[in-house]
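Reckoned from all heavy atoms, side chains included, excluding hydrogens, waters and symmetry mates. Just so we're on the same page: letters track the sequence lines, and every chain starts at 1.
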There are 2 protein chains.
Amino acid sequence: MSSGHIQGAQSTYRTLQVLRAIAGELGSGVSLAYITQRTGLSKPTVHRLLQALMAEGMVEKSDEEGYFLGPECYALGVIANQRYGLREIAATPVARIAADTGDSAFFCLRSEWHSLCLIREDGSYPIKTHVLQPGTRLPLGVGGAGIAMLAAMSDDEVEQCLAANAEECAAHFPNDQRADHLPRIAECRALGYGINRGSVVAGSWGIGAAVRDRHGRVLGALSVAAIESRLQPQRQRELGPRLVEAARTLETKIHRAQRMR
Amino acid sequence: MSSGHIQGAQSTYRTLQVLRAIAGELGSGVSLAYITQRTGLSKPTVHRLLQALMAEGMVEKSDEEGYFLGPECYALGVIANQRYGLREIAATPVARIAADTGDSAFFCLRSEWHSLCLIREDGSYPIKTHVLQPGTRLPLGVGGAGIAMLAAMSDDEVEQCLAANAEECAAHFPNDQRADHLPRIAECRALGYGINRGSVVAGSWGIGAAVRDRHGRVLGALSVAAIESRLQPQRQRELGPRLVEAARTLETKIHRAQRMR
DNA sequence: CTCCGTATTCCATAAAATGGAATTAAAAAA
DNA sequence: TTTTTTAATTCCATTTTATGGAATACGGAG
């Protein structure tokens, strides 16, 4: 998928490809054949890598459901969380946005070419859109957060991303093909925030603002979702900059957390 | 470290070795030299693997502190958590043990040859031992949970573990050398629960019971810690079986969670 | 400037990973 | 039950990739 270019580390890339093919299906198990197909690797290769990953506890296999991520992945995540405790750091701003706006607020994490919903906080407004739940994984470029993240990347990365997700978008998101993405990205770059006008589920609109790490890489995005009527242009112009500001504040908090031991 | 034996996957093992060498220092960054020394791999090899891991977001580097786990590790953990949500599942029993006994209760996760504290819940008794915090990592065999986990493994694994941790124990835990471990393991196997008689910090005692997955592999352990005077033999005989029972109940919950999608 | 510890690059060699094809196991159909 | 189909696993000669010694570059400290 990603064109691994460090020389002499092919199998490292392949190992990670396999892990992510499994991760891509979230909690549900996947078959060897599926991984084979998704990664483009040969059957014996995938099988060999899986055996090794299983021996190390990174992957487990259930007879009924196939392969899924194992306890060592979980442990790695727990440890990464010590430094990288995005959930804790982002929880406060997300809650505040939800409280202030009355709508549902989110923090989504970038994961490969996808957006992974980490936090959801509902606001007080009685009609809530339930498209994004914690754990929901959408291709980048889809949804408010996804648009913001994609727009925050280089054209080159955008290109790679659209290529990587083309198939999935074609299958699940008829309103998120290549031609639909580009103008939204341009708009987002101009405004600073991304606008989702119901392309995932009709009537469910959203706004997102990207969050970068200290090196400028896109980490994730803050976003707000509401029904169409609550996100008309005037409110977009109100919420957008508010989200962007919150994203900036969050960024400095994250940078600080990453700096100290 | 672990003698990877699946043929044709050397670099997968090496990649994971590097990741774990970094994870082993928890949130703090490590140097290339450190990883080199810890894994026994050559400098160019480690360097190459790190470049690849960084390109994939599994590892990050800060100029001041060196390498640490990156956002993709975090994301993997979040996803593994969907199925493997040990924290959520174990939270209730841990809280109940703390409430019932009045002492601090813990759930520790097995991570390689270490015990990683996931959950700590304080009881009502006013003197608390603060040796184990969430995130604390101890060699297996050290502490109540660690003894229980180690004792639950095969003699062969115990051997590997002691070898792997010998250096660390020698450096940090003078009361946890090989000769100290073996009788404790024997005791634990006889009783069903492990007893830590202050070998980490004098006066801080503990009891632990191992938790296995559906395939019998050790996942982690429940434990209780208190000051010495609160864990004398009579109370050990009271708490031990209680912990074991809680561990059994937890196991069935975990197995059920792992079975369904 | 030099020394020293650390990180990075090079490249000929050795070793490991590869994948086509064969085999086996597991489901599905007859 | 047996047959058919599909998926998983093993084999092994071939080729590519990973390897690590040595050389080089970097970054303080004196």
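- Counted within 6.0 Å of CD on Glu245(B), heavy atoms from surrounding residues, nucleotides or ligands total 12 or fewer; the atom is thus considered open.
- The nearest whole Å value for the distance from the CE atom in Met54(B) to the P atom in dT8(C) is 8 Å.
- Spacing between atom CD of Gln37(B) and atom C1' of dG5(C) amounts to 15 Å, rounded to whole angstrom units.
- Between Asp213(B) and His255(B), the closest heavy-atom pair is C-NE2, 3.2 Å.
- The residue among Gln7(A) and Ser31(A) whose nearest nucleotide of DNA chain D is located toward the 5' end is Ser31(A).
- The phosphate of dT18(C) (OP1 or OP2) has a side-chain N or O of Gln10(A) nearer than 4.0 angstrom.
- The separation between Lys43(B) atom NZ and dG21(D) atom C1' is 11 Å, rounded to whole Å.
- For dT9(D), one of the phosphate oxygens OP1 or OP2 lies less than 4.0 angstrom from a side-chain nitrogen or oxygen of His47(A).
- OP1 and OP2 of dA18(D) both lie 4.0 Å or more from every side-chain N or O belonging to Arg48(B).
- One finds a side-chain N or O of Ser11(A) lying less than 4.0 angstrom from the OP1 or OP2 phosphate oxygen of dA18(D).
- Atom pair Leu50(A):CG and dG19(C):P shows a separation of 15 Å (rounding to whole Å applied).
- When heavy atoms are screened at a 4.0 angstrom cut-off, Arg14(B) is found touching the sugar-phosphate backbone but no base atom.
- When the side-chain nitrogen and oxygen atoms of Ser42(A) are compared with OP1 and OP2 of dG20(C), none of them lie within a distance under 4.0 Å.
- No donor-acceptor distance shorter than 3.5 angstrom exists from the side chain of Tyr67(B) to the backbone of Met54(B), with no hydrogens or angles considered.
- The distance from atom OH of Tyr13(A) to atom P of dT17(D) is 13 Å, rounded to the nearest whole Å.
- Regarding Ile6(B), its CD1 atom lies at a distance of 18 Å from the P atom of dA8(D), rounded to whole Å.
- When distances run from any side-chain atom of Pro44(A) to the nucleotides dT19(D), dA8(D), dG19(C), the shortest one goes to dG19(C).
- To the nearest angstrom, C1' of dT6(C) lies 10 Å from NZ of Lys61(B).
- A straight line from CG of Leu41(A) to C1' of dA17(C) spans 12 Å, rounded to a whole angstrom.
- Nearest-nucleotide positions on DNA chain D for Ala9(A) and Ala33(A) put Ala33(A) closer to the 5' end.
- The side chain of Thr45(A) contributes no N or O atom lying less than 4.0 Å from OP1 or OP2 of dA17(C).
- With hydrogens and angles left out, the side-chain atoms of Gln51(B) and His47(B) include a donor and acceptor closer than 3.5 Å.
- Using modelled atom types, no side-chain atom of Arg48(B) and backbone atom of Ala9(A) make a donor-acceptor pair closer than 3.5 Å.
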